[in-house]
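Single-structure report; data block below.
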Amino acid sequence: MAKFVERVFSGVQPTGNLHLGNYLGAIVKFVELQKTHDCLYCVVDLHAITLPQKPEELKANIREVTAAFIACGIDPEKHIVFNQSQVTEHAELAWVFNCVARIGWLNRMTQFKEKAGKDRENASVGLYAYPCLMAADILAYRATHVPVGEDQKQHLELARDIAQKFNLDFAASIAANGYGDAFFPLPEPLIQGPATRVMSLRDGSKKMSKSDPSDYSRINLSDDADAIAQKVRKAKTDPEPLPSEVEGLKQRPEADNLVGIFAALNGETKLDVLKVFGGGNFSAFKSALVDLAVAKLGPIGAEMQRLKSDPASIDRVLVDGAARARAVASKNMAMVKDILGFVR
Ligand code: AMP
Ligand code: TRP
């Protein structure tokens, strides 16, 4: 298959309560990849409206995610930071992909089943078609690498299936237009490290989530030092001392989760953490975890506050990013129209 220029794309929904799972599962990797790749980081507001949103809260949350990106170390000058609704090619290409993806493929998506719940008949059509929009986000830029948390793996597989089906269905037209032997790359998920799935602090069998009704289930990026300390101290554990080997974390979801969080925050492995804390009780470990979390997240929360106090400057970042994103997406969309046989 054709060689594609390496490019990174990822998105975060502006649905409030950005938490440690978003940070460790996604944003930390976004920051790292800036060193090696051209990156686009998108606030996916079109995805957010697949569930009901209050307009004023949505607006504040779009600025909040943008502020978090910048406060965590994403450089919007060297890379591209923007919100999805300002680049209309996302919605346009998503329509094309609605016509490429098969209903049977979408019926398998577990996130739709979770989010739609029991009343599936009453879920929005957008929630169902969500993965086609996500594929369009990535492929509008012909991006090759997508850093995400574990929960997005199935959506990435669908994006690859859509890219592949488009390439095959339109192979003759792609070649006839002089666009080579494959138009879209098959985007690769980047899911690695000790915290690809951060669990709730109250229940080690549930994912840490923006929508959990208990604020004690998650550490928010906007939490101050006191809130972080309280949440870590109250985090659920078990009565055994910490093990000395990673093997000993099996069947101990809460211990495994806290050790994974420590490791990810400190840029080390779970085994490194257990070498220091193995054999000890949770209280000493939790104190060290509070210190580490406050040291890492405190400055981010403070910088987010500072940035949010000037919404006009955040909006300027988004407008500038959208213009640069559009320049890439509109060229690709024009080629897609040629391939499909649309007159333009
Ligand atoms: P979302 O808030 O659903 O838009 O998610 C933004 C990014 O954070 C995606 O890459 C998710 O996979 C990642 N993410 C969300 N929750 C978690 C979690 N509990 N653990 C690890 N990654 C997560
Ligand atoms: N669906 C992703 C989530 O909920 C967010 C997202 C939308 C995304 N478009 C994307 C992630 C494109 C990576 C690439 O977390």
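Indexing begins at 1, ligand by ligand and atom by atom, following the structure's order.
Remark: minimum distance from atom 9 (N) of ligand 2 to any protein heavy atom is reached at Asp137 OD2, 2.7 Å. Of all protein heavy atoms, the one lying nearest to atom 10 (O) of ligand 1 is Gly149 N, 3.2 Å. The protein atom (non-hydrogen) at minimum distance from atom 4 (O) of ligand 2 is Tyr130 OH, 2.8 Å. Counting only heavy atoms of the protein, atom 6 (C) of ligand 2 lies nearest to Gly11 O, 3.8 Å. Nearest non-hydrogen protein atom to atom 2 (C) of ligand 2 is Gln152 OE1, 3.4 Å. The protein atom (non-hydrogen) at minimum distance from atom 14 (N) of ligand 1 is Asn22 ND2, 3.8 Å. For atom 10 (C) of ligand 2, the closest heavy atom belonging to the protein is Met134 CG, 3.5 Å. Among protein heavy atoms, the minimum distance from atom 1 (P) of ligand 1 is reached at Lys210 NZ, 3.7 Å. At the top of the distance list for atom 20 (N) of ligand 1, counting protein heavy atoms only, stands Val198 N, 2.8 Å.
By the 4.0 Å heavy-atom criterion, His19 is counted among the residues contacting ligand 1.
The atoms of ligand 1 that sit less than 4.0 Å from any heavy atom of Arg197 are 20 (N), 21 (C). Interface atoms of ligand 1 facing Val148, defined by a heavy-atom separation under 4.0 Å, are 10 (O). For ligand 1, the atoms closer than 4.0 angstrom to any heavy atom of Ala26 are 7 (C), 8 (O), 10 (O). The atoms of ligand 1 that sit less than 4.0 Å from any heavy atom of Lys207 are 19 (N). When each atom of ligand 1 is checked for a heavy atom of Gly25 under 4.0 Å away, the hits are 21 (C), 22 (N). Ligand-side atoms of ligand 1 in range of Gln152: 12 (O), range being under 4.0 angstrom from any heavy atom. Near Gln13, meaning under 4.0 Å from one of its heavy atoms, ligand 1 places the atoms 3 (O), 4 (O).
Side-chain heavy atoms closer than 4.5 Å link hydrophobic residues (I, L, V, M, F, W, Y) into clusters, and following such links, even through other members, never connects Leu133 to Leu158.
Panel note: side chain Arg326, backbone Thr88; no donor-acceptor pair is recorded below 3.5 Å. No donor-acceptor pair closer than 3.5 Å links the side chain of Gln152 to the backbone N or O of Pro189.
Here the two rings, on Phe97 and Phe184, have centers that are under 6.0 Å apart. Aromatic rings of His90 and Phe82 (six-membered ring for Trp) have centroids within the 6.0 Å cut-off, being under it.
A salt bridge does not link Arg218 with Asp223: every distance from a Lys NZ or Arg NE/NH1/NH2 to an Asp or Glu carboxylate oxygen is 4.0 Å or more. Electrostatic pairing of Arg63 and Asp315 counts as a salt bridge here, judged by a charged N lying under 4.0 Å from a carboxylate O. Ion pairing between Lys29 and Glu32 fails under the 4.0 Å rule for side-chain N and carboxylate O. Here Asp161 does not pair with Arg102 in a salt bridge; the nearest charged N to carboxylate O distance is not below 4.0 Å. Using a 4.0 Å cut-off between charged side-chain N and carboxylate O, Asp212 and Lys207 make no salt bridge. The pair Glu64-Lys308 meets the salt-bridge criterion, with a side-chain N (NZ, NE, NH1 or NH2) lying under 4.0 Å from an Asp/Glu carboxylate O.
Here Met208 has heavy atoms under 4.0 Å from ligand 1 in both its backbone and its side chain. When non-hydrogen atoms are compared, ligand 2 lies under 4.0 Å from the side chain of Ile138 (C-beta onward) but not from its backbone. Under 4.0 Å from ligand 1, the heavy atoms of Thr196 that appear belong solely to its backbone.
By the 3.5 Å distance cut-off applied to N or O atoms, Gly11 is not counted among the residues near ligand 1. Checked by distance only, ligand 2 and Gln13 come closer than 3.5 Å through their nitrogen or oxygen atoms. The N/O atoms of Gln111, backbone and side chain alike, include none that comes under 3.5 Å of an N/O atom in ligand 2.
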